[in-house]
Amino acid sequence: MKVTSCKKAHSNESNLSDKNIVFFSTRPYEQVIFSERLKNHNDSDGQSIKACFFEHPLNPSTAISCKGFSDVVVFVNDDVNSATIKVLKDCGVKHIALRCAGYNNVDIAAAAEADIAVSRVPAYSPETVAEHTLALILTLNRKIHKAYNRVREGNFSLDGLMGFTLHGKTVGVIGTGKIGKAVIRILTGFGCKVLCFDPSQDDDVKAMGAQYVPLNTLLEQSVIVTLHCPLNEKSYHIINADSIAKMPKGVMLINTSRGGLVDDTAIIKGLKSKQIGYLGLDVYERESELFFSDHSQEIIQDDIFQRLTTFPNVLITGHQGFFTYEALNEIAGATLKNILSGENTL
Ligand code: NAI
């Protein structure tokens with residue numbers, strides 16, 4: 001087994017047949033899982049993969065630390081823009097492996113130009129994110145987060161805790177790929193009527209009883225709208241002042257996909273006017289400044305984020321939709337497989 005420290009990975013001991021991989025934006029819980037996978041691989045295969053784990057993100061300024069590494073493993077908030085890629089190319093990097101599904105943070109054209117392969121983990125337990133989506137819906141609806149605190153303080157009053165019965169309600173699902181489909185499966189189990197919007201329709205979704213409708217119809221008829229499409233030029237701020245105005249008053253909006261899908265300024269206006277009755281977010285447009293780190297001793301400078309946290313009907317989690325033991329193991333296995341194949345898998 002040779003999972004070496006960063007220092008060693010930079011040393012001259014490297015054999016050309018070995019792989020040197022560097023991970024960015026890692027946290028101890030991932031380092032343990034990836035190290036275990038690499039240990040098992042190195043023990044069984046004989047090929048040495050050397051790994052280095054950085055906690056800091058990859059961006060144009062930190063990319064120089066990739067010198068001597070063949071593969072770079074990145075996460076959702078690493079900034080793999082054209083400037084970063086230029087430095088990676090100069091450092092001799094051959095492969096960028098995303099240990100996540102979304103790849104909006106990577107300039108794919110620049111990577112192709114630099115002849116650097118890009119891979120991602122397109123499917124890892126979509127149920128993991130779907131279940132977190134339902135956790136947000138149920139917690140917001142039944143106000144579990146408030147009830148928890150009340151009961152601990154000896155307050156058993158039910159005032160302000162009234163929810164609504166999910167059974168029979170119409171829920172709009174935007175994006176019916178792997179995660180959207182898993183959400184629909186759960187929602188139909190709850191007895192909800194599901195309307196969906198996706199440029200490409202899926203027969204499995206129809207077989208579950210969900211109905212594809214134009215986006216405006218979905219917005220007009222759904223008491224809960226949940227986002228499961230990727231962030232791209234077409235979907236950027238798909239939830240904006242116009243789309244919010246089309247929704248029924250008091251709608252519940254859930255976003256576990258990518259922060260850029262919603263216009264936060266319009267969301268705040270919608271919350272103030274009570275057009276939006278509940279908001280559940282696992283992602284935030286400028287989350288890279290905040291998420292995955294402890295800022296509890298600092299003054300958070302993002303006034304929009306801070307305003308969002310002041311509403312009693314807003315629940316925000318810090319991009320933890322993917323965060324289960326099973327999903328992390330699947331991510332680690334698929335990322336390692338991608339690294340070994342070295343292929344462009346987007
Ligand atoms: P997927 O690729 O299986 O499905 C995405 C679906 O969205 C496709 O059916 C596609 O046709 C559709 N779509 C594309 N543009 C659209 C548009 N403008 N309007 C409506 N639908 C559109 O992706 P998957 O695995 O279901 O993931 C969805 C998103 O969830 C990812 O892109 C990622 O951003 C997010 N995600 C969040 C996680 C978290 O921890 N919160 C973890 C994993 C993924």
Side-chain angles (χ1 to χ4, degrees), residues 25 27 29-30 74-78 98-106 108 119-137 172-187 194-206 208 210-219 222 225-240 242-243 254-263 280-285 287-288 290-292 315-332 334-335 345-346:
S25 303
R27 295 294 175 266
Y29 46 80
E30 297 170 283
V74 297
F75 196 46
V76 289
N77 291 322
D78 289 303
L98 287 128
R99 55 182 195 279
C100 56
Y103 54 95
N104 52 287
N105 54 330
V106 180
I108 302 299
S119 64
R120 65 179 178 125
V121 184
Y124 56 91
S125 179
E127 289 77 18
T128 299
V129 186
E131 287 169 14
H132 192 72
T133 304
L134 263 293
L136 291 178
I137 292 175
V173 176
I174 300 182
T176 59
K178 290 173 286 298
I179 295 170
K181 222 189 292 191
V183 168
I184 293 168
R185 201 172 298 119
I186 300 172
L187 287 172
V194 180
L195 300 180
C196 9
F197 171 74
D198 191 311
S200 71
Q201 301 196 358
D202 184 300
D203 288 341
D204 292 346
V205 168
K206 293 180 193 167
M208 284 190 262
Q211 188 188 346
Y212 281 100
V213 291
L215 182 58
N216 284 345
T217 309
L218 180 152
L219 297 173
S222 304
V225 173
T226 182
L227 301 171
H228 301 289
C229 57
L231 176 62
N232 54 38
E233 276 172 19
K234 282 197 177 148
S235 63
Y236 177 71
H237 285 186
I238 191 168
I239 301 300
N240 53 41
D242 284 347
S243 46
I254 304 289
N255 185 10
T256 60
S257 262
R258 284 293 179 267
L261 296 173
V262 303
D263 175 351
L281 301 179
D282 187 48
V283 287
Y284 174 66
E285 193 161 4
E287 68 178 47
S288 58
L290 296 171
F291 287 8
F292 306 116
L315 179 58
I316 305 178
T317 52
H319 207 142
Q320 65 175 82
F322 71 99
F323 199 50
T324 65
Y325 177 78
E326 290 79 2
L328 279 190
N329 266 295
E330 281 184 45
I331 291 170
T335 305
T345 60
L346 288 184

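Atom set for the values below is all heavy atoms of this structure, side chains included, hydrogens, waters and symmetry mates excluded. As the structure lists them, so they are numbered: ligands from 1, and atoms in each ligand from 1.
Distances between N or O atoms of Ser257 and those of ligand 1 include at least one value under 3.5 Å. Considering both main-chain and side-chain atoms, Leu231 never comes within under 3.5 Å of ligand 1 through any nitrogen or oxygen pair. At a 3.5 angstrom cut-off on N or O pairs, Ser235 does not count as close to ligand 1.
Between Asp202 and Tyr212, some side-chain heavy-atom pair lies under the 4.5 Å cut-off. Using a 4.5 Å heavy-atom threshold, the side chains of Glu30 and Arg99 count as touching. For the pair Val121 and Thr335, the minimum side-chain heavy-atom distance is below 4.5 Å. The shortest distance between side-chain heavy atoms of Pro230 and Asn104 does not fall below 4.5 Å.
When atom types are taken as modelled, the side chain of Thr324 and the backbone of Ala327 share a donor-acceptor pair closer than 3.5 angstrom.
For atom 31 (C) of ligand 1, the nearest protein heavy atom lies 4.0 Å away or farther.
Taking the six-membered ring for Trp, Phe75 and Phe322 have ring centres closer than 6.0 Å.
Scanning Asp198, Val283, Leu261 for the heavy atom closest to atom 10 (C) of ligand 1 points to Asp198. Of the listed residues (Lys181, Arg258, Lys178, Glu233), the one carrying the non-hydrogen atom nearest atom 36 (N) of ligand 1 is Arg258.
In this structure, the protein non-hydrogen atom closest to atom 14 (C) of ligand 1 is Pro230 CD, 3.5 Å. Ranking protein heavy atoms by distance to atom 4 (O) of ligand 1, first place goes to Gly177 CA, 3.1 Å. The protein non-hydrogen atom at the shortest distance from atom 37 (C) of ligand 1 is Thr256 O, 3.1 Å. With respect to atom 40 (O) of ligand 1, the closest heavy atom belonging to the protein is Phe322 N, 3.0 Å. What sits closest to atom 27 (O) of ligand 1 on the protein, heavy atoms only, is Ile179 CD1, 3.4 Å. From the protein, the heavy atom lying nearest to atom 28 (C) of ligand 1 is His228 O, 3.5 Å.
Near Gly175, meaning under 4.0 Å from one of its heavy atoms, ligand 1 places the atoms 7 (O), 20 (C), 21 (N). Atoms of ligand 1 lying under 4.0 Å from at least one heavy atom of Ser200, given by number and element, are 11 (O).
In this view, Thr317 and His132, Leu136, Asp282, Gln320 satisfy the side chain to side chain contact (heavy atoms under 4.5 Å, CB included) rule, not counting sequence neighbours.
One distance of note links NE2 of His319 with CZ of Phe291; it measures 8.5 Å at 0.5 Å rounding.
At a heavy-atom distance under 4.0 Å, atoms from both the backbone and the side chain of Phe197 approach ligand 1. For His132, no heavy-atom contact with ligand 1 is shorter than 4.0 Å.
Looking at Asn255, Val225, Thr226 one by one, the single match for side-chain contact (heavy atoms from CB on, under 4.5 Å) with Ile174 turns out to be Val225.
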Passes side-chain contact (heavy atoms from CB on, under 4.5 Å), Thr133 versus His228? Steps please. CA-CA 10 Å; Thr133 304; His228 301 289; 3.5 Å; yes

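Close to ligand 1: Tyr124, with a non-hydrogen atom less than 4.0 angstrom away.
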